[in-house]
Enquirer: 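Structure below; questions to follow.
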Amino acid sequence: MTGESADMVGRRGGGGDPVTAGTGKSGDGSTGAAAPAGAPRFEVPEVDAFTRPYWDAAAEGRLLLRRCRAAGCGAAHHYPREFCPSCWSEDVVWEQATGRATLYTWSVVHRNDLPPFGDRVPYVAAVVELAEGPRMMTEIIDCPADALRIGMPLAVRFRRDGDGRQGGDGRQDGGGRQDGGGAGATGYAVPVFAPA
């Protein structure tokens, strides 16, 4: 699955949405399921001053998107950019999304040689349409692939770095707050979606 742009929110190793697999090999050229010690992990977000609010909110169990405040526009967009992709205005702000979405399309990934995704296959890579309008790339969890349907209602969950696929929505006691702080801490959280 490819990303919408090569400059998406803080991805190391190539294009892709902040919640999907990277697109390059590990630093030593290996493509095995387990990364050698010290090898880069391509799904690890690279947080900078602009993307920090997104990752800090995710660590708190909140999904952010950007909304244009230019007169006559008001478009919401994701992945986050410093300008509005509809009217090119730089008058855009962070906004908390409802976390509701519908399934737009998906693909079941049976093979991914990039570390650490080899241990996660098969998984469902998907594009969801957020209630606010933008589409985002993500992963569908807690739903067998044969139960997926276009337009099915979904809700955001958050997987903490290091969580396994099964039940790894990154939440503590069903709440949104993550232990360990924001993305600047040793871990981070990525939004994934499950049936609502």
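Basis for what follows: all heavy atoms, side chains included, without hydrogens, waters or symmetry-related copies.
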Enquirer: If I take atom OG1 from residue Thr98 and atom CG from residue Leu63, how far apart are they, to the nearest 0.5 angstrom?
Expert: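 Here the interatomic distance stands at 8.5 Å.
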Enquirer: So how far is it from Arg135 CZ to Thr105 OG1, rounded to the nearest 0.5 Å?
Expert: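 Result: 10.0 Å between the selected atoms.
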Enquirer: As a quick check of understanding, evaluate side-chain contact (heavy atoms from CB on, under 4.5 Å) for Cys73 and Cys84, giving each step before the final call.
Expert: CA-CA 9 Å; Cys73 185; Cys84 174; 3.7 Å; yes
Enquirer: Do you know which two heavy atoms are closest between Leu64 and Gln96, and how far apart they sit?
Expert: CD2-CA, 3.7 Å
Enquirer: Determine whether Tyr79 and Leu65 make a side-chain contact, defined as any pair of heavy atoms from C-beta on separated by less than 4.5 Å.
Expert: no
Enquirer: For the side chain of Arg62 and the backbone of Ala59, is there at least one donor-acceptor N/O pair under 3.5 Å apart?
Expert: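 Checking the backbone N and O of Ala59 against the side chain of Arg62, no donor-acceptor pair under 3.5 Å is found.
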Enquirer: So Arg69 and Val93, do their side chains get closer than 4.5 Å, heavy atoms only?
Expert: yes
Enquirer: Does the side chain of Val121 come within less than 4.5 Å of His110's, by heavy atoms?
Expert: no
Enquirer: To the closest 0.5 Å, what do you measure between CH2 (Trp88) and CZ (Arg81)?
Expert: 8.5 Å
Enquirer: The criterion is side chain to side chain contact (heavy atoms under 4.5 Å, CB included); which residues satisfy it with Ala147, sequence neighbours excluded?
Expert: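 Checked Ala147 against side chain to side chain contact (heavy atoms under 4.5 Å, CB included); matches are Cys143, Pro144.
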Enquirer: In terms of hydrophobic clustering (I, L, V, M, F, W, Y; side-chain heavy atoms under 4.5 Å; direct or indirect links), are Ile150 and Met136 co-clustered?
Expert: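 Same hydrophobic cluster.
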Enquirer: In Å, rounded to the nearest 0.5 Å, how long is the span from CE of Met137 to NE2 of His78?
Expert: 10.0 Å
Enquirer: I would like to know whether Val128 and Tyr104 meet side-chain contact (heavy atoms from CB on, under 4.5 Å); could you show each step before the answer?
Expert: CA-CA 5 Å; Val128 300; Tyr104 182 76; 5.8 Å; no
Enquirer: Can you name the closest pair of heavy atoms from Arg157 and Pro195 and give their distance?
Expert: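 Closest pair (atom of Arg157, atom of Pro195, distance): NH2-O, 4.5 Å.
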Enquirer: Of all residues at least two apart in sequence or in a different chain, which pass the side chain to side chain contact (heavy atoms under 4.5 Å, CB included) check with Arg66?
Expert: Phe50, His77, Pro80, Val92, Trp94
Enquirer: Return the minimal non-hydrogen interatomic distance between Arg67 and Gly74, and the atom names on each side.
Expert: NH1-O, 2.8 Å
Enquirer: Give me the atom names and distance for the closest heavy-atom approach of Gly133 to Glu129.
Expert: O-CG, 3.7 Å
Enquirer: For side-chain contact (heavy atoms from CB on, under 4.5 Å), just list the numbers for Cys68 and Cys87, CA-CA rounded to whole Å, side-chain angles, deciding distance to a tenth of an Å, and then say yes or no.
Expert: CA-CA 9 Å; Cys68 180; Cys87 73; 3.7 Å; yes
Enquirer: Give, for atom OG of Ser107 and atom CG of Leu148, the distance between the pair rounded to the nearest 0.5 Å.
Expert: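 One finds 11.0 Å between OG of Ser107 and CG of Leu148.
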Enquirer: Val47 and Thr51: which non-hydrogen atoms are nearest, and at how many Å?
Expert: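 That closest heavy-atom pairing would be CA-OG1, 3.6 Å.
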Enquirer: Take atom CD of Glu90 as the centre, draw a 6.0 Å sphere, and report whether it contains more than 12 heavy atoms from other residues, nucleotides or ligands.
Expert: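 No, not enclosed.
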Enquirer: Quick check against the 3.5 Å criterion: does Thr138 have a side-chain atom that pairs as donor or acceptor with the backbone of Pro191?
Expert: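 Pair found, side chain donor or acceptor close to backbone of Pro191.
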Enquirer: Quick one: are Arg100 and Glu132 in side-chain contact, heavy atoms under 4.5 Å?
Expert: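 Arg100 vs Glu132: side chains apart.
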Enquirer: Checking side chain to side chain contact (heavy atoms under 4.5 Å, CB included) between Val124 and each of Val192, Ile140, Leu103, which is the one that passes?
Expert: Ile140
Enquirer: Atom CG of Asp48 and atom OH of Tyr54: how far apart are they, to the nearest 0.5 Å?
Expert: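 Reported to 0.5 Å precision, the distance equals 13.5 Å.
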Enquirer: Apply the test side-chain contact (heavy atoms from CB on, under 4.5 Å) to residues Val109 and Arg120: give CA-CA distance (whole Å), side-chain angles for both, the deciding distance (0.1 Å), then the verdict.
Expert: CA-CA 9 Å; Val109 178; Arg120 295 183 185 170; over 6 Å; no
